[in-house]
Amino acid sequence: MTEKKKSVYETLAKVDVKPLLEKKGNLNYLSWAKAWGLVKSLYPDATYQIKEFPEYVLTKEGWLATGRNLDYRQTSAGTEVEVAVTIDEQNYSSKLYVMDYRNKVIAKPTYFEINKTQMRCLVKALAFAGLGLDVYAGEDLPEQPQQKQVTNKPAQKPVRRQSTLSKPKKMTRDQLYEYQADYNGKNKFLVTIYTECDKQKKMGLDAKTSVPIEWWHEKLKENSADGEAVRQFTEMAIDANKKKQAKAKIEQSNGIPDYAKDPEVEAEIEKVLS
């Protein structure tokens, strides 16, 4: 009588990963290198693949394909990645959004942050196969709302104030990057809309042919919270572009002999960068 072959889940679920866990804040996690090393030691033919998605940009005529494939995709909720694992001819996959240490979606992630999320996604796909599944136990439980203490405050006499038009509050760089605007009925990060505008401008599109560029132009004229955020973001982008151009001039001037440099030009560059 032949012994029944164990399933992938039965094999991986019995692996004790606790000695390999690392601590990050209050959470335990299994590094992708250790997780993948364990799986390969048991299943040498195991493979994984980071899913690629076709890139599209939104124009007034609809979505336009750029012809490129990306190993991530931009959605209205954030940047999403997907990893599929094949072990002993069985497939397991997982999806994750790029998030920061507070588990908040990053509006404009760097490729380093995207790559880290892809590796976390690989570990989670391996958990579906059975490896270290208990590490994720409880992560889908809803957060308990904090109870606020109610204290009785003495009644205060109403103070009459003159109504004045308040100046729009100047937002910080981080606040602008985290700002979500009403984009045609959906909440969308302002930085994501700006990135789409910039990309479509480079393709030769304008407000007459591009949905995001038209939206941006309309918001610039609008007297609303979104309009003010767009104006402040535009000012920030213009300022950043000035600094970028100034840096380029400095780098270019490095190849010029000292006697040929213009002191007035250098002073203006330093003024912009300060």
Side-chain angles (χ1 to χ4, degrees), residues 1-55 69-148 174 177-178 189 192:
M1 186 176 179
T2 59
E3 187 179 349
K4 183 183 176 183
K5 183 182 177 182
K6 289 184 179 179
S7 68
V8 172
Y9 182 85
E10 286 176 309
T11 303
L12 294 181
K14 288 183 179 179
V15 177
D16 183 13
V17 299
K18 288 180 182 177
L20 303 176
L21 294 179
E22 298 176 39
K23 202 83 173 173
K24 195 167 187 179
N26 296 324
L27 300 175
N28 292 321
Y29 76 99
L30 179 63
S31 76
W32 73 267
K34 291 176 181 177
W36 186 239
L38 277 172
V39 171
K40 289 293 280 187
S41 67
L42 296 168
Y43 298 96
D45 295 331
T47 60
Y48 76 87
Q49 183 178 19
I50 298 172
K51 185 173 179 179
E52 292 191 340
F53 305 89
E55 184 185 34
N69 283 338
L70 302 173
D71 55 359
Y72 61 91
R73 68 175 173 183
Q74 298 285 353
T75 73
S76 58
T79 302
E80 184 184 45
V81 301
E82 182 176 353
V83 176
V85 177
T86 302
I87 306 173
D88 201 17
E89 299 182 352
Q90 295 185 50
N91 297 322
Y92 308 87
S93 66
S94 178
K95 296 180 181 180
L96 281 177
Y97 282 101
V98 182
M99 296 181 287
D100 60 17
Y101 68 95
R102 299 167 298 177
N103 285 337
K104 301 293 183 184
V105 172
I106 299 175
K108 190 180 180 182
T110 63
Y111 193 74
F112 175 74
E113 290 166 330
I114 293 172
N115 181 252
K116 279 205 308 184
T117 304
Q118 288 167 339
M119 294 299 97
R120 282 181 52 240
C121 198
L122 167 63
V123 177
K124 199 160 187 176
L126 295 176
F128 284 124
L131 183 70
L133 185 60
D134 55 336
V135 175
Y136 291 92
E139 73 161 13
D140 54 349
L141 294 176
E143 294 182 3
Q144 295 295 327
Q146 295 181 350
Q147 293 184 352
K148 295 183 179 179
D174 288 343
Y177 270 87
E178 292 175 0
F189 285 104
T192 304

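Below, each value reflects all heavy atoms present in this structure, side chains not excepted, and no hydrogens, waters or symmetry copies.
- Rounding to the nearest 0.5 Å places OG1 of Thr117 at 6.5 Å from CD1 of Ile106.
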Practice item. Kindly determine whether Leu20 and Leu38 satisfy side-chain contact (heavy atoms from CB on, under 4.5 Å), including the steps that lead there. Key: CA-CA 10 Å; Leu20 303 176; Leu38 277 172; 3.5 Å; yes

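- Residues satisfying the side-chain hydrogen bond (donor to acceptor under 3.5 Å, both in side chains) criterion with Thr79, sequence neighbours excluded, are Gln74.
- The ring-ring contact (aromatic ring centres under 6.0 Å, His included) analysis of residues 70-99, with sequence neighbours excluded, yields no pairs.
- For Thr86, the side-chain hydrogen bond (donor to acceptor under 3.5 Å, both in side chains) partners at least two apart in sequence or on another chain are Asn91.
- Nearest heavy-atom pair across Val98 and Pro109 is CG1-CB, 3.6 Å.
- Counting only heavy atoms from C-beta outward, the side chains of Ile114 and Val81 approach each other to under 4.5 Å.
- The nearest pair of heavy atoms linking Ala46 to Val39 is CB-CG1, 3.9 Å.
- Using a 4.5 Å heavy-atom threshold, the side chains of Leu126 and Ile87 count as touching.
- Counting heavy atoms of neighbouring residues, nucleotides and ligands inside a 6.0 Å radius, atom NZ of Lys104 does not exceed 12 of them.
- We find the SG-CD distance between Cys121 and Glu80 to be 8.5 Å, quoted to the nearest 0.5 Å.
- Every residue two or more places apart in sequence or in another chain that forms a side chain to side chain contact (heavy atoms under 4.5 Å, CB included) with Thr11 is listed here: Lys6, Leu42, Tyr43.
- Counting heavy atoms from C-beta on, the side chains of Lys108 and Phe189 never come closer than 4.5 Å.
- Asp16 meets the side chain to side chain contact (heavy atoms under 4.5 Å, CB included) test with Lys18, Pro19; sequence neighbours excluded.
- Listed by chain and residue number, Thr110 satisfy the side-chain hydrogen bond (donor to acceptor under 3.5 Å, both in side chains) test with Glu113 (two or more places apart in sequence, or in another chain).
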Which donor-acceptor pairs under 3.5 Å do side chains of residues 27-35 form with protein atoms, sequence neighbours excluded?
{"from": "Asn28", "atom 1": "OD1", "to": "Lys23", "atom 2": "NZ", "distance (Å)": "3.4"}
{"from": "Tyr29", "atom 1": "OH", "to": "Glu22", "atom 2": "OE1", "distance (Å)": "3.2"}
{"from": "Ser31", "atom 1": "OG", "to": "Lys34", "atom 2": "N", "distance (Å)": "3.3"}
{"from": "Lys34", "atom 1": "NZ", "to": "Glu22", "atom 2": "OE2", "distance (Å)": "3.3"}

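- Put simply, the side chain of Lys124 never gets that close to the backbone of Lys95: no donor and acceptor are under 3.5 Å apart.
- The list of ring-ring contact (aromatic ring centres under 6.0 Å, His included) pairs with a residue in residues 110-135, not counting sequence neighbours, is empty.
- By the ring pair (Phe, Tyr, Trp, His ring centres under 6.0 Å) test, Tyr48 is found to be paired with Trp36, residues two or more places apart in sequence or in another chain being considered.
- If you take NZ on Lys51 and CD on Gln118, they are separated by 13.5 Å, rounding to the nearest 0.5 Å.
- In terms of heavy atoms, Ala125 sits closest to Ser94 at N-CB, 3.8 Å.
- With sequence neighbours excluded, the residues satisfying side-chain hydrogen bond (donor to acceptor under 3.5 Å, both in side chains) with Glu10 are Ser7.
- With contacts defined as side-chain heavy-atom distances shorter than 4.5 Å, the pair Arg73/Thr75 qualifies.
- Dense packing is recorded around CD of Glu52, with more than 12 heavy atoms of other residues, nucleotides or ligands lying under 6.0 Å away.
- Residues passing the side chain to side chain contact (heavy atoms under 4.5 Å, CB included) test with Asp174 are Thr172, sequence neighbours excluded.
- Between Asn103 and Met99, the shortest heavy-atom contact is O-SD, 3.6 Å.
- Listed by chain and number, the residues in a salt bridge (Lys or Arg N to Asp or Glu O under 4.0 Å) with Glu55 are Arg68, Lys199 (sequence neighbours excluded).
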